[in-house]
Amino acid sequence: MADENTQDGDGDGGGIRTFPFPVDLSLLGVGMQVGPMGAGRTWHAQAPLHRVHRIDFHVVMLFTGGPVRHMIDFAEYEATAGDLLWIRPGQVHRFSRTSEYRGTVLTMQPGFLPRATVEATGLYRYDLPPLLRPDEARRAALTASLDHLRREYEDATTLPLSLHTAVLRHTLSAFLLRLAHLAASSAQAARQGRADAPGDTFTLFRDAVERDFATNHSVSAYADALGYSRRTLVRAVRAATGETPKGFIDKRVVLEAKRLLAHTDMPIGRVGAAVGFPDAANFSKFFQQHTDLTPAAFRAELR
């Protein structure tokens, strides 16, 4: 599955390139692709495999070989045969120079599925782990579902385009529902041994942080806005993630700062302001505390 890439506005190569979903190169122009991975083959023939780049579509890779080391949002993951990697729109990532990518890759354009399916499958649950390791039964079911999807995708003659697209949406939804269940189960397993908390509390907090992290870093402010006591919020977030609400907020702020430092040529002071630090010195101190690098050093490592 190899396509030409499209470079994001900056043609000077100074920032990270963003690759959009290539609708024109998808079979019959539908909003998804599924096919084999292989040596030197990705969804974009010119993608900078060993350079950090950003995508604005979903990618799911099911591996038949390994190990494969892959960076997603500045964290390294190692996948082996039978594992899956799920990369969501807006995430930055980097291929390994030395790993051989073998298996099946699915790409999907945002908007291809209806809103109800998007919500049911948790397509934008950035809090869920990107690396998934299904047991034998789930792996067999996912593999069979993905193989079925691939056969439907490649069958471009049996049905009219409108029915072909509808069948793809239903078949893709079935695969993603299995995948979403695996992702949620994996997150639950990672929390094993912790007391369960009301899911709605954490969900509301997570959504509020995603919406307001650039302007609100206060745990008390989030608790007040959501109508919970600080203690209730702490219990819910710790049960769901194993960390404090402040740690969760800071982690999201750091991630966005990393994305802006890597993806744009914005001055460091403007990056800080964009994530809620009007004072550049305070931003630099915060960033270094959480990454052991100054913002300038972090950006230099990626260029």
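Since the structure is predicted, the reported quantities are computational estimates derived from the model, not experimental observations.
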Given side chains that start at C-beta, do those of L176 and T117 come closer than 4.5 Å, heavy atoms only? no

Between A236 and T201 the two heavy atoms that sit nearest each other are CB-CG2, 3.4 Å

Value for CH2 (W86) from CG (L131), rounded to nearest 0.5 Å, stands at 13.5 Å

For the CD atom on Q289, are there more than 12 heavy atoms of other groups (residues, nucleotides or ligands in this structure) within a distance under 6.0 Å? yes

Hey, does Q91 have a side-chain heavy atom less than 4.5 Å from the side chain of R259? yes

Salt bridge (Lys or Arg N to Asp or Glu O under 4.0 Å) involving R125 - partner list, sequence neighbours excluded: D127

Take R138 and S185 through the side chain to side chain contact (heavy atoms under 4.5 Å, CB included) test and state the conclusion after the steps. CA-CA 11 Å; R138 288 181 176 179; S185 299; 3.3 Å; yes

Any side-chain heavy-atom pair of L62 and L142 under 4.5 Å: no

Set of residues satisfying side-chain hydrogen bond (donor to acceptor under 3.5 Å, both in side chains) with respect to T215, sequence neighbours excluded: none

Among residues two or more places apart or on two chains, list those pairs meeting ring-ring contact (aromatic ring centres under 6.0 Å, His included) that have a residue in residues 204-247. F205-Y222, F205-F248, H217-F277

How far does CD1 of I72 sit from CZ of R94, to the nearest 0.5 angstrom? 11.5 Å

Show your working on side chain to side chain donor-acceptor pair (under 3.5 Å) between T64 and R102 and close with a plain yes or no. CA-CA 6 Å; T64 57; R102 288 185 286 121; 4.6 Å; no

Can you tell if the side chain of F95 reaches within under 4.5 Å of the side chain of V68, non-hydrogen atoms only? no

How about R69: does its CZ atom have over 12 heavy atoms from other parts shown lying under 6.0 Å from it? yes

Taking L182 as the starting point, is it possible to reach L177 by hopping between hydrophobic residues whose side chains are less than 4.5 Å apart? no

Let me confirm one number: the CG-OG distance from D212 to S218, rounded to the nearest 0.5 Å. 11.5 Å

Tell me, do T241 and R206 make a side-chain contact under 4.5 Å, heavy atoms counted? no

Looking at every heavy atom in both L293 and A297, which two are closest together, and how far apart are they? CD2-CB, 4.2 Å

Which Ile, Leu, Val, Met, Phe, Trp or Tyr residues join L159 in one cluster when any pair of side-chain heavy atoms under 4.5 Å counts as a link? L163, V167

Heavy-atom closest contact (R169 atom, F112 atom, distance): NE-O, 2.5 Å

Here the gap from E243 atom CD to K251 atom NZ, rounded to the nearest 0.5 Å, amounts to 5.0 Å

Please check: side-chain N/O of R252 versus main-chain N/O of E210, any donor-acceptor pairing under 3.5 Å? no

Can you tell me if N216 uses its side chain to pair, donor with acceptor, with the backbone of V209 under 3.5 Å? no

Provide the closest heavy-atom pair for I268 versus S284 in the form atom of the first, atom of the second, distance. CG2-OG, 4.4 Å

For V234, what are the other residues in its hydrophobic cluster, where any two members join if their side-chain heavy atoms are less than 4.5 angstrom apart? none

According to salt bridge (Lys or Arg N to Asp or Glu O under 4.0 Å), who are the partners of K246, at least two apart in sequence or on a separate chain? D250

Under the side chain to side chain contact (heavy atoms under 4.5 Å, CB included) criterion, do T244 and V237 qualify, and how do the steps go? CA-CA 6 Å; T244 65; V237 176; over 6 Å; no

Tell me, with the steps shown, if L106 and M32 meet side chain to side chain contact (heavy atoms under 4.5 Å, CB included). CA-CA 7 Å; L106 163 70; M32 58 158 286; 3.9 Å; yes

If you define the side chain from C-beta out and look only at heavy atoms, does anything of D265 sit under 4.5 Å from R270? no

Go through the structure and list residues passing salt bridge (Lys or Arg N to Asp or Glu O under 4.0 Å) with D207, not counting sequence neighbours. none

Take the angle between the ring planes of H70 and H93 and call it parallel below 30°, perpendicular above 60°, tilted in between. tilted

Rounded to the nearest 0.5 Å, how far apart are CG of D279 and NZ of K285? 10.5 Å

Is there side-chain contact between T121 and L179, with heavy atoms separated by less than 4.5 Å? no

Ignoring hydrogens, what is the shortest heavy-atom contact between F74 and A262? Give both atom names and the distance. CZ-CB, 3.9 Å

Looking only at non-hydrogen atoms, find the nearest pair between G31 and F21 and report the distance. C-CZ, 3.5 Å

Between V60 and V34, is the side chain to side chain contact (heavy atoms under 4.5 Å, CB included) condition met? List the steps. CA-CA 9 Å; V60 177; V34 58; over 6 Å; no

Residues that Y124 engages under ring pair (Phe, Tyr, Trp, His ring centres under 6.0 Å), provided they are two or more places apart: H58

Could you work out, with side-chain contact (heavy atoms from CB on, under 4.5 Å) as the rule, every residue matching A174, not counting sequence neighbours? none

Does anything in residues 160-189 pair up under ring-ring contact (aromatic ring centres under 6.0 Å, His included), and if so which pairs, sequence neighbours excluded? none

Quick note, side chain to side chain donor-acceptor pair (under 3.5 Å) partners involving residues 142-152, not counting sequence neighbours, are H148-E152, R150-E154

Check: S186 main-chain N/O paired with R133 side-chain donor or acceptor under 3.5 Å: no

Sequence neighbours excluded, which residues qualify as side-chain hydrogen bond (donor to acceptor under 3.5 Å, both in side chains) partners of T157? none

To the closest 0.5 Å, what do you measure between OH (Y153) and CG (L172)? 12.0 Å

Non-hydrogen side-chain atoms of V271 and P295 separated by less than 4.5 Å: no

